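In what follows, chains are A, B, ... by sequence order, proteins preceding strands, each numbered from 1. All values derive from a computational prediction rather than experimental measurement.
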Amino acid sequence: MKISAVRGVKDILPEEVWKWQFIESASRRIMENFGFSEIRIPVFEYTELFARSIGQGTDIVEKEMYTFQDSKGESLSLRPEGTAGVVRACIDHHRLQPDSVSKLYYTGPMFRHERPQKGRYRQFYQIGAEVFGTDNPWVDAEILSMLHLLFEQLGISGTVLQINSLGCTECRPVYRKALQKFLRNEQASLCTDCRRRTAGNPLRVLDCKRPDCKEATQSAPSVLASLCRDCMAHFEMVKGTLDLMGVPYEVNERLVRGLDYYTRTTFEILTDQLGSQNAVAAGGRYDGLVEQLGGRPTPAIGFALGMERLAALLPEETNHSRAKPLYLAPLGDAAMERMPLLLHQLRARGIPVDTDYLGKSLKSQMRQADRIGAAYVGILGEDELNDGVILLRNMETKAQTKVPLEGFVDQIAETLAGEGA
RNA sequence: GUGGGUGUAGCUCAGGUGGUUAGAGCGCAAGGUUGUGGCCCUUGAGGUCGGGGGUUCAAGUCCCCUCACUCACCCCA
């Protein structure tokens, strides 16, 4: 039987991997400039961690986790998202001290057992960041500005930042009740999903795509109007700060996030280029989660961005060239025997160099050199061996010079350095 | 989990109403240049036609099942 990749996972092949590297390095650079430090956490945790943080009733926990038992009978799960693990690690290592802020970022694969679709995989890569220890609205604006800058540097355009506030433990339950009351009167015009949601996740009804449901919820009570004084002030400050920084955004009162832990500010960065997977990055504030997981009360905010989705938006013309290598073309056994040492010496000097291992003709070696974008080809055949030289061809100008074998490594190092490569 | 579409060479795809050795372009390889890349030309390698079963003298083509991919729903990065 032919073995193949598991459904919903994919290989990132060499032709494409530059996109991941590019996104990762740009993200790292920006996040570190913003004062974030990387944390690497396990890809699996006790199932209970996810159940308690993401929420028992959510689809992610109910049916999308890869859960298994280890040999001791403990229930473990592959992480479906990163925040829970980061919070757990911070609590574990007592890193959340009172009156101090910590900024962390992570990157790596996440796992969800969903039906695969464009921009949606069962193993997918996220980059995420979290700020612990402050509910200062400036921080909310700061991470949004960070995302804004990141997208700018990646050359991604055509995305929209939407923000909303879901309120805190004071005002959110009040709103939820009011909304439920409203929805109960509208049951007749809601779809079956939304009727079900009314009880468990009423806010989600606002985000339903069905025209009938949209229509029915036109006059639903507004989240923003029901925010308590503090939450209102907080949201106003977030918006004001974004305005001040010139970070464009839209307020979307119907923006609801799927994870239970969000409070106050929530946001998504949307694109219209990925079909129905329109969120490239998303996140929000989660002021109650740390305490809920057994840490001291610590306000926090974070986001995650989907690398596959971001990669799909990268402009094709993005510059991802690497240093042009040297190519050594040996002709004949005697020349080939010289290769291992020569290559080693060149590489020890940090010179990118490759060669042919198959004893191919010069013509086909030249083709290969061209394919890999070699700046120079060093030809070593019988004539050159007799003269003690290597014929160095500049692939662009086609100029060829004889370089003594003796000082070849020094000479080529100088030549390449001279070109300011 | 539900529904639609699609599976033919490494990639993108042709293959009226079943008919004998299954094709093209790109890519790959060799040659055209006694040792010189890109362009051009020639030749070549590469296919269990997703898999299994059925109908038929005969199936890439028709039927059933299955798997995968894909799009939408659900949900989400």
Side-chain angles (χ1 to χ4, degrees), chain A residues 1-2 4-10 13 15 23 54-55 57-65 79-83 107-128 147 159 191-194 196-197 201 204 207-210 256-259 267-271 274-284 302-313 327 329-332 335 356 358 360-385 391-400:
Chain A
M1 155 184 161
K2 190 179 145 200
S4 58
V6 170
R7 174 164 211 201
V9 305
K10 71 168 197 166
L13 299 173
E15 293 74 22
I23 293 167
I54 297 166
T58 60
D59 278 18
I60 292 180
V61 169
E62 262 179 13
K63 49 191 193 195
E64 293 176 3
M65 287 206 295
R79 60 185 185 190
E81 58 107 42
T83 299
T107 172
M110 306 296 163
F111 307 85
R112 290 182 202 170
H113 189 105
E114 299 177 277
R115 192 80 173 257
Q117 217 175 305
K118 187 186 185 68
R120 191 168 78 187
Y121 304 95
R122 290 182 173 178
Q123 172 173 341
F124 58 100
Y125 291 80
Q126 286 192 334
I127 295 175
L147 282 166
T159 57
C191 66
T192 51
D193 284 326
C194 283
R196 178 172 46 77
R197 287 170 183 142
N201 190 3
R204 185 64 237 291
D207 200 31
C208 186
K209 287 172 189 162
R210 290 170 178 276
V256 176
R257 314 266 33 262
L259 286 57
F267 54 87
E268 287 184 351
I269 295 179
L270 305 171
T271 175
L274 288 175
S276 63
Q277 272 56 251
N278 59 356
V280 219
F303 70 84
L305 54 84
M307 293 244 268
E308 287 77 6
R309 295 181 185 182
L310 218 45
L313 297 182
Y327 188 88
L331 298 170
D356 164 63
L358 302 176
K360 294 202 174 188
S361 68
L362 180 58
K363 182 191 179 97
S364 89
Q365 294 198 59
M366 291 299 290
R367 259 204 277 264
Q368 177 63 13
D370 192 54
R371 253 197 298 263
I372 67 170
Y376 289 91
V377 173
I379 300 168
L380 184 62
E382 265 180 57
D383 299 348
E384 288 76 16
L385 272 178
L391 190 59
L392 188 65
R393 177 181 176 89
N394 181 322
M395 290 296 273
E396 204 175 324
T397 66
K398 302 185 178 186
Q400 300 192 154

With a 4.0 Å cut-off on heavy atoms, is A/Arg115 in touch with a base, just the backbone sugar-phosphate, or nothing at all? base
Identify the pairs formed between an N or O of the protein and an N or O of nucleotides 40-45 of chain B at a distance under 3.5 Å, and give each distance.
none

Donor-acceptor check, side chain of A/Gln365 to backbone of A/Lys360, threshold 3.5 angstrom: yes or no? yes
Pick base, sugar-phosphate or nothing for A/Arg393, based on heavy-atom distances below 4.0 Å to the nucleic acid. base
For A/Gly8, answer base if it contacts any base atom (sugar-phosphate contacts may also be present), sugar-phosphate if it contacts only those atoms, and nothing otherwise; contact means non-hydrogen atoms under 4.0 Å. sugar-phosphate
Give a yes or no on whether a donor-acceptor pair under 3.5 Å exists between the nucleobase atoms of B/rG38, that is its base, and the side chain of A/Glu396. no
Under 4.0 Å between a side-chain N/O of A/Arg7 and OP1 or OP2 of B/rC67, yes or no? no
Below 3.5 Å, does any donor atom in the side chain of A/Arg371 face an acceptor in the base of B/rC28, or the other way round? no
When all nucleic acid strands are considered with a 4.0 Å heavy-atom cut-off, which category describes A/Leu391: base, sugar-phosphate, or nothing? base
Side-chain donor/acceptor of A/Gln400 to base of B/rU36, under 3.5 Å: yes
Nucleotide opposite B/rC28 in a Watson-Crick or G-U pair, distances under 3.5 Å: B/rG44
Please classify the nucleic acid contact of A/Tyr376 as base, sugar-phosphate, or nothing, using heavy-atom distances under 4.0 Å. nothing
Would you mind checking if A/Glu81 and A/Arg112 are paired as a salt bridge, meaning a charged N to carboxylate O distance below 4.0 Å? no
Who is the Watson-Crick or G-U wobble partner of B/rG38, with both distances under 3.5 Å? none
